There are 2 protein chains.
Amino acid sequence: MFNIKPLGSEFDEAIQQKIDTKTKPLGALGDLEGLALQIAKVLGKDNPQINNPKMMVFAADHGIADSGVSIAPSEVTAQMVRNFMAGGAAINVFTRQVGLELEVIDCGVLQPFESESGVIDQRLGAGTGPIHKRAAMTLGAVKQGFEMAAARIQQHHQNGCNLIALGEMGIGNTSSAAAIMSVLTGIPATDCVGRGTGIDAATFKRKQMLVEQAILLHHSELDDPMQILACIGGFEIVQMTGAILAAAERGMLVVIDGFIASAAALVAISINVDCRDYMIFSHLSDEKGHYLMLEFMQAKPLLNLGLKLGEGTGAALAFPLIQAAVNFYNEMASFEDAGIEI
Amino acid sequence: MFNIKPLGSEFDEAIQQKIDTKTKPLGALGDLEGLALQIAKVLGKDNPQINNPKMMVFAADHGIADSGVSIAPSEVTAQMVRNFMAGGAAINVFTRQVGLELEVIDCGVLQPFESESGVIDQRLGAGTGPIHKRAAMTLGAVKQGFEMAAARIQQHHQNGCNLIALGEMGIGNTSSAAAIMSVLTGIPATDCVGRGTGIDAATFKRKQMLVEQAILLHHSELDDPMQILACIGGFEIVQMTGAILAAAERGMLVVIDGFIASAAALVAISINVDCRDYMIFSHLSDEKGHYLMLEFMQAKPLLNLGLKLGEGTGAALAFPLIQAAVNFYNEMASFEDAGIEI
């Protein structure tokens with residue numbers, strides 16, 4: 001469906017050689033060295049540069065939220081989107097600090113925003129269906145979501161952007177992400193469901209039950225990633241998945257945030273495994289299933305700060321480390337440059 | 001010796017209240033929330049700001065290096081200092097990126113630098129004595145090192161600086177740091193000694209043996225932190241210790257880098273435990289003993305990237321996270337501001 005070029009190993013030796021002759025002991029920059037290798041493979045081995053990096057925050061509502069799986073009602077999705085537009089949320093603070101341009105995309109919040117709000121309209125509906133009772137959306141909506149996300153990525157790419165970071169906002173979306181994780185990894189739902197932003201024991205139990213119920217209800221249709229998105233996905237998860245695939249197709253780096261963005265990454269990989277090469281995993285969140293999900297994707301995240309906020313906050317906080325990998329690769333002197341014999 | 005004000009808890013509730021009413025679930029910013037609390041306690045609860053942050057890199061040579069405990073000879077200390085001054089080292093790249101002003105202090109490299117080199121002259125000698133054979137330095141040198149470091153901190157403080165980060169360069173200094181760690185924590189030297197920047201098995205064994213020998217040689221004098229520094233310390237470790245204590249005395253934040261800076265932190269705490277309140281631990285390094293050393297100080301580092309470079313690189317890489325803690329505390333909207341009822 002997406003024509004993604006797997007990263008070849010033809011320049012690995014040259015890139016590694018460049019890393020190894022920097023004025024530092026072999027491997028002394030730890031995880032930043034593997035990151036520099038990956039970035040140089042994606043953006044080019046000679047003077048790679050991150051250009052016009054974008055934080056894309058995808059917002060949508062979830063029918064399952066009406067059954068009480070979160071600390072907050074669905075209304076908070078829209079309220080937080082307005083907070084994003086007013087500049088008062090954590091993601092505003094962090095993107096301002098690190099130099100990521102922020103955009104907020106309405107993929108299907110309950111009520112649409114006024115056009116003057118600044119929110120980008122890529123609505124697939126007014127909240128998904130409750131996944132434990134019926135499909136989240138139609139297969140047509142999934143395809144439409146992919147197309148909208150791809151068009152947006154194309155636009156960014158045309159504007160010179162070569163790195164996107166993905167964040168989200170959507171009350172109830174950890175339930176959908178946990179269901180997706182369970183289906184795609186084979187890990188029991190009880191181990192995939194976490195406490196989201198801090199639910200109590202009773203809510204946690206209900207959330208586990210409803211996620212199991214959703215998987216059971218749709219089990220005969222869950223043999224295809226697009227069907228998985230239609231049955232148990234979310235509008236923002238669909239568009240994040242589409243954005244990842246479209247960005248990889250255009251040779252852009254994709255920074256993955258927490259549990260929900262990682263679920264989209266998981267779906268994207270199940271659609272076209274080659275997109276994995278373009279992903280940078282920013283952090284391990286406090287959400288219970290995230291560790292196992294990252295392990296399943298063989299992903300070692302850059303940060304582990306116990307974040308459980310979403311919005312793209314982990315991706316924004318990791319961005320300076322990504323920039324540091326680029327900078328040491330481009331700017332550090334070699335032993336020869338510095339006249340050091342070691 | 002240093003008049004350090006322990007941080008009181010009088011404003012804790014007000015600060016925590018401010019953190020808890022930000023537009024995010026309780027605790028959702030994980031470790032950044034505790035960091036914001038600490039910073040607000042040190043720099044003030046109303047609009048705390050990090051001003052003129054400085055990266056101080058302390059360089060010195062170590063007599064024990066002649067016995068082959070490192071991958072590189074002592075000459076590399078001076079060569080790397082020249083690399084710092086030319087702007088080509090990792091610490092140059094990272095401090096430029098994150099906005100830390102870098103200064104390099106010669107605490108006792110084998111050969112002095114020309115005055116036009118830009119290296120700050122705070123020399124205590126031309127390399128320490130080999131600690132497995134005799135004392136590293138006199139007690140007078142330790143005191144002089146403290147005074148020089150304190151004078152430098154005073155100058156920064158007068159220029160409005162309220163955060164210093166500490167890095168170092170010194171071939172052989174993990175040996176000294178491991179010996180200090182063993183003495184102050186009671187952890188056997190074999191568990192404190194690591195592979196530094198990547199020594200082989202034979203060198204590792206010799207290093208362990210020499211560190212044990214150093215501790216044994218001086219054991220009757222190691223009951224006092226100043227004596228510990230004199231017997232088994234290093235000129236850069238002495239001045240880092242003095243800088244930590246002087247900075248805490250003036251109510252400045254101190255960002256600790258890796259294994260060697262942490263050893264200085266350990267000595268500083270043993271001299272005056274109240275300085276611990278002012279410390280931010282930036283990262284867990286790849287050096288074997290660092291985990292146990294941080295655990296001993298009940299320190300949870302911000303990053304864990306497998307770095308083993310020193311220079312202050314981990315502290316520089318963590319600086320954006322420290323800034324992020326300040327920024328979310330100052331800039332995020334409260335639920336009331338944003339009109340969100342949750």
Side-chain angles (χ1 to χ4, degrees), chain A residues 22-33 71-73 75-76 79-80 82-83 86-90 92-94 96-98 196-198 283 285-286 302-311 313 316-317 319-321 323-324 327-328 330-335 337-342, chain B residues 22-33 71-73 75-76 79-80 82-83 86-90 92-94 96-98 196-198 283 285-286 302-311 313 316-317 319-321 323-324 327-328 330-335 337-342:
Chain A
K22 297 291 186 184
T23 44
K24 59 168 189 54
L26 277 181
L29 282 172
D31 299 340
L32 293 192
E33 300 200 7
I71 54 163
E75 285 67 33
V76 169
Q79 290 171 344
M80 282 303 296
R82 291 186 195 282
N83 194 21
N92 300 100
V93 175
F94 298 156
R96 275 199 298 267
Q97 177 188 323
V98 305
T197 45
H283 79 116
S285 92
D286 202 44
L302 290 166
L303 296 173
N304 178 6
L305 294 167
L307 305 173
K308 49 178 179 180
L309 183 52
E311 301 181 6
T313 46
L317 290 169
F319 184 65
L321 295 176
Q323 191 65 64
N327 290 349
F328 98 75
N330 288 334
E331 298 175 22
M332 264 181 84
S334 68
F335 283 113
D337 296 336
I340 299 176
E341 282 178 49
I342 199 162
Chain B
K22 297 292 185 185
T23 44
K24 59 168 189 56
L26 277 181
L29 282 173
D31 299 339
L32 294 192
E33 299 201 7
I71 55 164
E75 284 67 34
V76 168
Q79 290 170 344
M80 282 303 297
R82 291 186 195 281
N83 194 21
N92 299 101
V93 175
F94 298 155
R96 275 200 298 265
Q97 177 189 325
V98 305
T197 45
H283 80 116
S285 91
D286 201 45
L302 291 166
L303 296 172
N304 178 6
L305 294 167
L307 305 174
K308 49 178 180 181
L309 183 52
E311 301 180 6
T313 47
L317 290 169
F319 184 65
L321 295 175
Q323 190 65 63
N327 290 348
F328 98 75
N330 288 334
E331 299 175 21
M332 264 181 84
S334 68
F335 284 114
D337 296 335
I340 299 175
E341 284 179 48
I342 198 162

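Because the structure is a prediction, the values reported are computed rather than measured. Letters A, B, ... mirror the listed sequences (proteins, then strands); counts begin at 1.
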Atom pair [atom1] ([X]) and [atom2] ([Y]), whose distance is rounded to the nearest 0.5 Å:
{"X": "B:N304", "Y": "A:D31", "atom1": "CG", "atom2": "CG", "answer": "7.5 Å"}
{"X": "B:I340", "Y": "A:E75", "atom1": "CD1", "atom2": "CD", "answer": "12.0 Å"}
{"X": "B:F94", "Y": "A:Q323", "atom1": "CZ", "atom2": "CD", "answer": "11.0 Å"}

When heavy-atom pairs shorter than 4.5 Å are enumerated against chain A, which of [options] gives the highest number?
{"options": "B:G198, B:A86, B:A90, B:S285", "value": "B:A90"}
{"options": "B:N327, B:L32, B:V98, B:N330", "value": "B:N327"}
{"options": "B:K308, B:E33, B:E311", "value": "B:K308"}

With a 4.5 angstrom heavy-atom cut-off, which part of [X] approaches chain A: side chain, backbone, both or neither?
{"X": "B:A324", "value": "both"}
{"X": "B:R82", "value": "neither"}
{"X": "B:L26", "value": "backbone"}

A side-chain contact here means heavy atoms from C-beta on lying under 4.5 Å apart; do A:P25 and B:L309 qualify? yes
Of all of A:A28, A:G30, A:G88, which one pairs up most often with chain B through heavy atoms under 4.5 Å apart? A:A28
Any idea which heavy atoms bring [X] and [Y] closest together, and the distance?
{"X": "A:L302", "Y": "B:L305", "result": "O-CD2, 3.6 Å"}
{"X": "A:A338", "Y": "B:N83", "result": "CB-OD1, 3.8 Å"}
{"X": "A:L29", "Y": "B:L307", "result": "O-CD2, 3.4 Å"}
{"X": "A:A89", "Y": "B:T23", "result": "CA-OG1, 4.1 Å"}

After noting the C-alpha distance and the side-chain angles of A:R96 and B:E331, does the key distance pass the side-chain contact (heavy atoms from CB on, under 4.5 Å) rule? CA-CA 11 Å; A:R96 275 199 298 267; B:E331 299 175 21; 3.0 Å; yes
Checking A:F328 against chain B: side chain, backbone, both or neither under 4.5 Å from a heavy atom? both
